[in-house]
S.K.: 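This is the structure I want to talk about, given as structure tokens.
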Amino acid sequence: MRRKLACIAALLFLALATPAPAQKKVVDAEAHQWWQHAVFLEIYPRSFADSNNDGIGDINGITSKLDYLRWLGVDAIWLTPMYPSPQVDFGYDVSDYENVNPEYGTLKDMDCLIAESEQRNMRVILDFVINHTSDKHPWFIESASSRTNPKRDWYIWRDGKGPGNPPNNWGAVFGGPAWKYDPKTDQWYYHYFYPQQPDLNWRNPDVEKAMFDVTRWWYKRGVAGFRLDAVDALFEDPKLTDDPFIKDANGQLVEQHVYSDKLPEVHGVLQRLRRVADEYDAVLIGETWTSNVEELKQYYGANNSELQMPMDFMLTIVNKVSAPEFRKQIAMAESSGGWPVYVMSNHDIRRVYDRYGDGQHDDQIAKLIASLYLTLRGTPIMYYGEEIGMENNDPKRIEDVMDTIGRLNWPKDKGRDGERTPMQWTAGENAGFSAVKPWNPVDPRYKQYNVEVEKKDPNSILNYYRSLLKLRHTEAAFLDGNYVALNEDDANILAYVRSCKGQNILVVLNMSSSAQTFHLDLAAKGFSAKTFKTLLASAKAGEETRTDTISLEPFEAYIAELK
Ligand code: GLC
Ligand code: CA
């Protein structure tokens with residue numbers, strides 16, 4: 001309650017002290033956009049901090065942790081869906097785009113979060129579930145009510161191919177057919193995901209208008225941009241051509257989403273949505289599952305007219321600590337012509353600690369991966385809790401699974417609960433997330449891996465992240481520098497220089513489990529250095545004395561300025 005009052009007071013103060021938030025255009029002399037220098041952090045609101053002790057994280061919980069995020073070096077937070085929702089897909093089934101799920105709080109709480117963020121020079125990005133709504137959204141309820149309802153065409157309704165047969169062979173990505181029969185109107189509706197997530201018909205201009213207006217509504221409330229959910233799936237072939245199936249490595253037939261994924265019409269919508277965003281200096285981030293750089297290029301659009309930040313998930317496909325693999329992915333992102341967007345994990349992907357850990361050097365590897373993607377040219381998007389070394393805590397029994405796909409595919413796929421566990425704040429009960437049992441169990445390692453304990457330990461993962469983010473914000477080479485690869489064919493070490501106007505910072509990452517001696521020939525790459533100034537080292541603290549050899553401990557990251 002006291003915090004709530006403080007929040008209201010803060011809002012009042014803001015209203016009196018500052019003129020109406022005219023949209024600020026933040027382009028500095030170097031002509032970079034605000035999001036190019038920002039570090040983003042994805043927050044899963046249900047799991048971040050519970051302010052009212054009902055076991056479920058909420059908006060006021062997030063507001064109460066803004067000082068921590070600022071301390072860490074986060075500039076923008078992206079909240080996964082916090083809108084009213086039946087929670088079949090934990091918020092990715094939205095039943096009202098212009099409100100807040102009562103479990104998470106109120107619109108006032110959102111206003112407060114935005115105002116408090118602005119005070120700290122931080123921005124709030126929302127998740128825009130653009131491909132589909134919940135089947136409980138009033139638009140869908142109307143659409144389903146009769147074939148002649150004015151909203152009928154807001155969704156994709158088709159006749160089946162005879163009794164019991166859907167219109168075509170498309171499957172939903174969460175399993176089963178992509179069509180659900182509605183006996184009342186004797187037609188089928190299309191759903192790329194769960195049946196409770198009917199796809200909007202983006203060929204209908206009224207849908208586009210209504211959805212674009214949603215973004216305006218939030219921009220006016222102070223939201224600084226959107227992460228666009230499932231953009232690949234926005235359009236489907238109007239002729240409903242059957243998709244081809246091919247056998248995978250295990251001989252299983254797998255659908256190739258040729259007619260229901262990445263249709264060219266997506267780009268028209270993105271260009272128009274971008275024009276709206278530009279009016280508010282907002283950023284559009286895309287959940288873009290591209291499989292090659294050509295597809296990625298298309299999402300930036302000609303002359304960068306579409307997404308400023310299409311996420312590059314190709315990096316997340318690297319499933320082992322491997323210098324050649326990461327080098328290849330970086331080169332690819334560098335060749336896209338757009339501003340790279342680096343993501344290592346999220347609420348759909350196993351946590352970094354888990355994916356890359358070898359059981360022996362896990363903390364070192366966590367620091368190594370951070371040193372990689374937080375020192376590259378581009379904008380990183382972190383996932384809450386990676387900065388303290390949170391790992392997946394997967395359900396042990398099917399009865400405990402909350403994510404529907406985990407129940408459908410158990411035990412092959414245990415679902416995504418494991419990467420969505422409560423943030424670990426303290427060594428106290430429920431990791432300081434809540435006074436009561438949280439909705440999703442806390443990872444048992446929380447007594448050691450939590451904010452409070454790690455803040456006090458200078459060698460913790462948390463303090464390492466903080467130092468990295470500090471460098472990112474203060475060193476021109478990290479903010480604006482080129483990426484120059486140093487060793488194209490080293491199997492163990494990934495090394496590069498970030499270079500900007502005479503400042504050159506060397507990053508050397510030992511991606512092997514053994515100690516390494518790295519011989520470097522800076523002159524061959526056009527750099528000269530008499531000495532190194534160590535900026536950060538994840539294992540040793542000492543200054544390197546020679547500029548042609550660096551010794552590294554297993555999985556060590558070494559960052560130094562060339563002098
Ligand atoms: C995106 C979200 C995922 C959700 C799906 C359907 O992939 O990241 O969590 O289940 O869209 O909305
Ligand atoms: Ca709560």
Side-chain angles (χ1 to χ4, degrees), residues 1 3-4 42-65 78-83 85-95 97 100-106 109 113 125-135 137 172-175 178 190-200 226-234 257 260-261 285-290 311 313 316 343 345-350 381 383 402-409 413 415-420 422-423 425 430 432-440:
M1 189 62 189
R3 232 181 26 70
K4 197 146 193 173
E42 174 188 356
I43 289 180
Y44 201 71
R46 209 175 178 79
S47 294
F48 198 62
D50 177 14
S51 72
N52 63 346
N53 293 318
D54 60 358
I56 295 174
D58 42 56
I59 304 299
N60 286 337
I62 299 170
T63 310
S64 73
K65 300 297 183 185
W78 145 36
L79 312 187
T80 60
M82 75 311 154
Y83 314 98
S85 158
Q87 306 289 342
V88 173
D89 192 15
F90 285 110
Y92 283 96
D93 45 327
V94 178
S95 54
Y97 289 98
V100 178
N101 178 2
E103 277 178 320
Y104 300 154
T106 62
D109 298 339
L113 171 65
I125 309 293
L126 300 187
D127 211 312
F128 193 29
V129 188
I130 185 168
N131 174 68
H132 48 268
T133 68
S134 158
D135 61 344
H137 194 294
V173 296
F174 288 155
Y190 175 69
H191 57 90
Y192 188 89
F193 296 98
Y194 295 126
Q196 296 91 336
Q197 295 169 303
D199 274 48
L200 284 162
F226 288 94
R227 175 263 189 188
L228 307 179
D229 184 59
V231 277
D232 298 331
L234 231 50
H257 286 265
S260 52
D261 232 357
I285 304 173
E287 191 206 9
T288 40
W289 287 95
T290 57
M311 292 186 200
F313 286 111
T316 66
V343 182
S345 73
N346 68 21
H347 64 287
D348 298 323
I349 305 176
R350 295 191 75 75
I381 305 181
Y383 186 46
M402 279 160 298
D403 183 18
T404 314
I405 52 170
R407 280 200 303 277
L408 293 173
N409 303 325
D413 178 354
R416 298 164 293 181
D417 298 344
E419 55 259 32
R420 301 172 175 181
M423 175 71 182
W425 296 104
N430 304 315
F433 165 78
S434 175
V436 303
K437 190 172 169 235
W439 74 282
N440 189 10

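Because the structure is predicted, anything quoted here is derived from the model rather than measured. Start at 1 and go down the list; that is how both ligands and their atoms are numbered.
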S.K.: Heavy atoms only: give me the nearest Asp348-Glu419 pair and the separation to one decimal.
M.R.: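 Taking Asp348 first and Glu419 second, the nearest heavy atoms are C-OE2, 3.2 Å.
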
S.K.: Tell me whether ligand 1 is touched by Glu42 - counting only heavy atoms on the residue side and a distance under 4.0 Å.
M.R.: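 Under 4.0 Å: no for Glu42.
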
S.K.: How wide is the angle at the Ca ion (ligand 2) between OD1 of Asp54 and OD1 of Asn52, to the nearest 10°?
M.R.: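 An angle of 90° at the metal.
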
S.K.: Do any N/O/S atoms of Asp50 come under 3.0 Å of the Ca ion (ligand 2)?
M.R.: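 Short answer: yes, at least one N, O or S atom is under the cut-off.
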
S.K.: Does Gly57 bring an N, O or S atom to within less than 3.0 Å of the Ca ion (ligand 2)?
M.R.: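 Coordinating: no.
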
S.K.: Taking the six-membered ring for Trp and the full ring for Phe, Tyr or His, determine whether the centres of Phe48 and Trp425 are under 6.0 Å apart.
M.R.: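 Aromatic pair counts; centres sit under 6.0 Å.
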
S.K.: Mind checking whether Arg420 and Asp403 have side chains closer than 4.5 Å, heavy atoms only?
M.R.: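 When only atoms from C-beta onward are counted, Asp403 and Arg420 do touch, with a gap below 4.5 Å.
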
S.K.: Output the list of atoms in ligand 1 that are nearer than 4.0 Å to some heavy atom of Arg416, sorted by atom number.
M.R.: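 Those of ligand 1 that fall under 4.0 Å from Arg416 are 3 (C), 4 (C), 9 (O), 10 (O).
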
S.K.: Starting from the Ca ion (ligand 2), look over the N/O/S atoms of Asp58 and name the nearest one.
M.R.: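 Output for this pair reads OD2.
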
S.K.: Applying the ring pair (Phe, Tyr, Trp, His ring centres under 6.0 Å) criterion to Phe90, which one of Trp439, Tyr194, Tyr44 satisfies it?
M.R.: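 Exactly one option meets the ring pair (Phe, Tyr, Trp, His ring centres under 6.0 Å) with Phe90, and it is Trp439.
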
S.K.: Using 30° and 60° as the class boundaries, would you call the ring planes of His137 and Tyr97 parallel, tilted or perpendicular?
M.R.: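 Geometry flag for Tyr97 against His137: tilted rings.
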
S.K.: Considering only the protein, which heavy-atom contact is closest to atom 7 (O) of ligand 1, and what is its distance?
M.R.: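 Residue, atom and distance for the closest contact: Glu287 OE2, 2.7 Å.
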
S.K.: Just to be sure I read this right, does ligand 1 sit under 4.0 Å from the backbone of Phe174, its side chain, both, or neither, counting only heavy atoms?
M.R.: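 Looking at Phe174 and ligand 1, just side chain atoms fall under 4.0 Å.
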
S.K.: How far is atom 8 (O) of ligand 1 from its nearest protein heavy atom, and which residue and atom name does that atom have?
M.R.: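 That would be Asp348 OD2, 2.5 Å.
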
S.K.: So which protein heavy atom does atom 1 (C) of ligand 1 come closest to, and at what separation?
M.R.: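 Nearest protein contact, heavy atoms only, for atom 1 (C) of ligand 1 is Asp229 OD1, 2.7 Å.
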
S.K.: Going by the atom numbers of ligand 1, which of them fall below 4.0 Å from some non-hydrogen atom of Asp89?
M.R.: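 The atoms of ligand 1 under 4.0 Å from a heavy atom of Asp89 are 4 (C), 5 (C), 6 (C), 10 (O), 12 (O).
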
S.K.: At less than 4.0 angstrom from any non-hydrogen atom of His347, what atoms of ligand 1 do you find?
M.R.: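 Counting from 1, the qualifying ligand atoms are 2 (C), 3 (C), 8 (O), 9 (O).
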
S.K.: Please determine, by modelled atom types, if Asn101 and Ser85 share a side-chain donor-acceptor pair under 3.5 angstrom.
M.R.: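 No, no side-chain donor-acceptor pair sits under 3.5 Å.
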
S.K.: Under 4.0 Å from a heavy atom of His132: which atoms of ligand 1 are those, numbered in the order shown and with their elements?
M.R.: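 Ligand 1 atoms under the 4.0 Å threshold to His132: 6 (C), 12 (O).
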
S.K.: Side chains of Tyr92 and Asp127: any donor to acceptor distance under 3.5 Å?
M.R.: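 There is such a pair (donor and acceptor under 3.5 Å, judged by atom type) between the side chains of Asp127 and Tyr92.
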
S.K.: Should the pair Arg416-Asp89 be classified as a salt bridge under the 4.0 Å nitrogen-to-oxygen rule?
M.R.: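 A salt bridge is present here (some side-chain N lies under 4.0 Å from a carboxylate O).
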
S.K.: Grab the two heavy atoms, one from Phe433 and one from Ile56, that are nearest each other, plus how far apart they are.
M.R.: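 Closest heavy-atom pair between Phe433 and Ile56: CZ-C, 4.1 Å.
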
S.K.: Show me which atoms of ligand 1 lie under 4.0 Å from any heavy atom of Arg420.
M.R.: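 Selected atoms, number and element: 9 (O).
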
